[in-house]
Asker: 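Here's a structure for you.
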Amino acid sequence: RCHFTAQLIQDLFLFNFLHLIGPTQKMNLFQSITSALDNTLASDPTAVIFGEDVAFGGVFRCTVGLRDKYGKDRVFNTPLCEQGIVGFGIGVAAAGATAIAEIQFADYIFPAFDQIVNEAAKYRYRSGNMYDCGKLTIRAPWGCVGHGSLYHSQSPEAFFAHCPGLKIVIPRGPVQAKGLLLSCIADENPCIFFEPKILYRAAVEQVPVEAYTIPLTQAEVLQEGSDVTLVAWGTQIHVLREVANMAQEKLGVSCEVIDLQSILPWDIETVCKSVVKTGRLVISHEAPVTGGFAAEISSTVQEECFLNLEAPITRVCGYDTPFPHIFEPFYIPDKWKCFDAIKKMINY
């Protein structure tokens with residue numbers, strides 16, 4: 001009953017918040033991305049969108065119709081050259097325009113690693129704030145999709161989390177996707193916006209038609225609980241919400257579910273406040289466990305909340321192997337692995 005009441009209050013708050021902004025429309029995740037880009041192009045005459053096939057709508061249709069509406073000078077294709085896409089975006093942003101670059105899959109962001117880490121992230125610092133490329137936002141489809149195998153399934157957020165000067169954001173659904181993307185575009189730092197591609201069509205919500213923002217660097221407590229804190233982002237949030245219900249029904253365990261939303265900087269205060277209350281923490285992500293961002297969260301919480309912990313912090317993540325094809329169901333941190341982690345933690 002308590003879980004139902006808390007969820008009802010949260011849903012009513014979200015409903016009222018969205019309708020205060022203005023009219024809403026039923027959108028899936030890729031449509032909410034399109035809506036955010038449409039709002040930006042309409043309100044900012046300097047904004048440009050570019051990447052591989054974006055003029056045709058993109059592989060996942062996120063830019064469909066935008067070239068016809070705003071013209072080929074503002075929405076245009078690039079060569080298949082990720083370092084060139086990002087390098088061009090740095091130049092556009094440094095010149096004062098709003099640059100929105102698309103990397104067709106997050107797996108292909110690595111050729112642009114030097115441009116992102118050594119140029120975009122350091123531009124402001126190396127000039128003493130005389131110039132910057134803070135108007136650069138890099139979008140990329142991210143995470144597993146059921147059949148992506150090696151090169152269409154990776155979650156590379158931890159690679160970039162080691163780099164000061166960037167902001168990294170991963171939404172869980174259409175409402176968050178639009179609000180967080182608009183916040184990234186408006187932010188004065190270069191941002192990487194990873195989009196869970198398995199949710200492009202699966203997640204559907206009522207999303208405001210007009211522009212709105214959701215604060216970056218703030219986690220969201222989706223469900224309050226007293227026994228275990230569950231932390232994730234993107235697609236994995238939906239897994240943990242199901243696990244929280246399983247834990248309540250089968251074990252009588254009350255789980256607090258937190259969507260981190262921003263990977264860099266991340267909301268240490270919200271996570272630690274929850275762990276102080278519950279004494280237990282499970283962190284889950286699709287990326288390999290070694291060096292994954294769960295390790296950073298675990299280390300920080302251990303330092304800040306050591307005397308409050310009732311059990312060792314647990315990471316439920318992908319294995320330290322390349323992302324498999326037919327063995328994807330065994331690789332991903334599914335609900336059963338997460339549920340098993342909660343059982344072991346409660347019995348510790």
Side-chain angles (χ1 to χ4, degrees), residues 7-44 47 49 51 54 57-70 75 98 100 102 137-143 145 167-187 191-223 232-242 257-263:
Q7 188 64 51
L8 181 62
I9 292 171
Q10 184 183 32
D11 291 344
L12 287 171
F13 175 80
L14 180 62
F15 177 83
N16 291 328
F17 166 73
L18 296 177
H19 281 77
L20 282 173
I21 295 170
T24 63
Q25 185 175 318
K26 194 173 183 179
M27 300 183 197
N28 59 28
L29 196 143
F30 92 76
Q31 290 168 333
S32 75
I33 297 293
T34 309
S35 180
L37 298 174
D38 190 5
N39 292 152
T40 300
L41 290 168
S43 62
D44 182 353
I49 299 172
V54 300
V59 171
F60 294 102
R61 317 307 294 154
C62 292
T63 54
V64 68
L66 296 180
R67 181 183 65 169
D68 294 339
K69 186 173 182 179
Y70 295 101
V75 182
T98 298
I100 305 169
E102 179 182 302
T137 300
I138 303 166
R139 297 177 40 250
W142 164 98
V145 70
K167 290 189 176 180
I168 305 168
V169 180
I170 307 174
R172 71 174 184 275
V175 170
Q176 292 72 31
K178 179 171 180 176
L180 290 169
L181 178 55
L182 287 170
S183 292
C184 285
I185 293 169
D187 198 85
C191 297
I192 303 176
F193 189 80
F194 288 123
E195 301 163 8
K197 57 182 173 287
I198 199 171
L199 300 180
Y200 272 137
R201 288 171 173 77
V204 179
E205 293 174 329
Q206 288 294 133
V207 180
V209 176
E210 299 301 320
Y212 63 96
T213 57
I214 295 174
L216 303 181
T217 77
Q218 289 186 17
E220 183 179 353
V221 179
L222 303 182
Q223 176 179 317
W233 47 90
T235 311
Q236 199 63 16
I237 273 294
H238 302 285
V239 175
L240 290 190
R241 293 183 87 164
E242 185 177 357
V257 181
I258 298 177
D259 180 2
L260 206 59
Q261 298 191 129
S262 290
I263 304 300

Asker: Flag the pair Glu195 / Cys62 as yes when at least one side-chain heavy-atom distance between them is below 4.5 Å, and no otherwise.
Answerer: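 SC-SC contact between Glu195 and Cys62 confirmed.
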Asker: Do Leu37 and Leu181 have side chains that get closer than 4.5 Å, going by heavy atoms?
Answerer: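 They are in side-chain contact.
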Asker: Would Phe60 and Tyr200 satisfy ring-ring contact (aromatic ring centres under 6.0 Å, His included), going step by step from the backbone distance to the final call?
Answerer: CA-CA 8 Å; Phe60 294 102; Tyr200 272 137; 4.9 Å; yes
Asker: Report yes or no: does Ser35 contribute a side-chain atom to a donor-acceptor pair with the main-chain N or O of Gln31 at less than 3.5 Å?
Answerer: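 Between the backbone of Gln31 and the side chain of Ser35 there is no qualifying donor-acceptor contact (under 3.5 Å).
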Asker: Can you check whether Ile49's main-chain N or O pairs, donor with acceptor, with Glu102's side chain at less than 3.5 Å?
Answerer: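 Checked: no pair found.
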Asker: Please evaluate residues Arg139 and Ile100 with respect to the criterion side-chain contact (heavy atoms from CB on, under 4.5 Å), reporting the C-alpha separation (whole Å), side-chain torsions for both, the decisive distance (0.1 Å), and the verdict.
Answerer: CA-CA 7 Å; Arg139 297 177 40 250; Ile100 305 169; 4.0 Å; yes
Asker: Quick check: do Phe193 and Ile33 have side-chain heavy atoms less than 4.5 Å from each other?
Answerer: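 A side-chain contact exists here, since the closest heavy-atom pair is under 4.5 Å.
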Asker: Could you go through the side-chain contact (heavy atoms from CB on, under 4.5 Å) check for Val59 and Lys197 one step at a time?
Answerer: CA-CA 11 Å; Val59 171; Lys197 57 182 173 287; over 6 Å; no
Asker: A side-chain contact here means heavy atoms from C-beta on lying under 4.5 Å apart; do Leu41 and Val75 qualify?
Answerer: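 Side-chain contact under 4.5 Å: yes.
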Asker: With no hydrogens and no angle check, just 3.5 Å: does a side-chain donor-acceptor pair link Asp38 and Tyr70?
Answerer: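 Per modelled atom types, Asp38 and Tyr70 side chains form a pair under 3.5 Å.
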Asker: When you measure from the side chain of Thr98 to the backbone N and O of Ala47, does any donor-acceptor pair fall under 3.5 Å?
Answerer: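 Flag not set: sc Thr98 to bb Ala47 has no pair under 3.5 Å.
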Asker: Are the side chain of Thr24 and the backbone of Pro208 linked by a donor-acceptor contact shorter than 3.5 Å?
Answerer: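 Not confirmed, Thr24 side chain does not pair with Pro208 backbone.
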Asker: Tell me, with the steps shown, if Trp142 and Thr235 meet side-chain contact (heavy atoms from CB on, under 4.5 Å).
Answerer: CA-CA 10 Å; Trp142 164 98; Thr235 311; 4.1 Å; yes
Asker: Tell me if a side-chain donor or acceptor on Glu205 pairs with a main-chain N or O of Val175 at a distance below 3.5 Å.
Answerer: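 At least one qualifying donor-acceptor pair exists.
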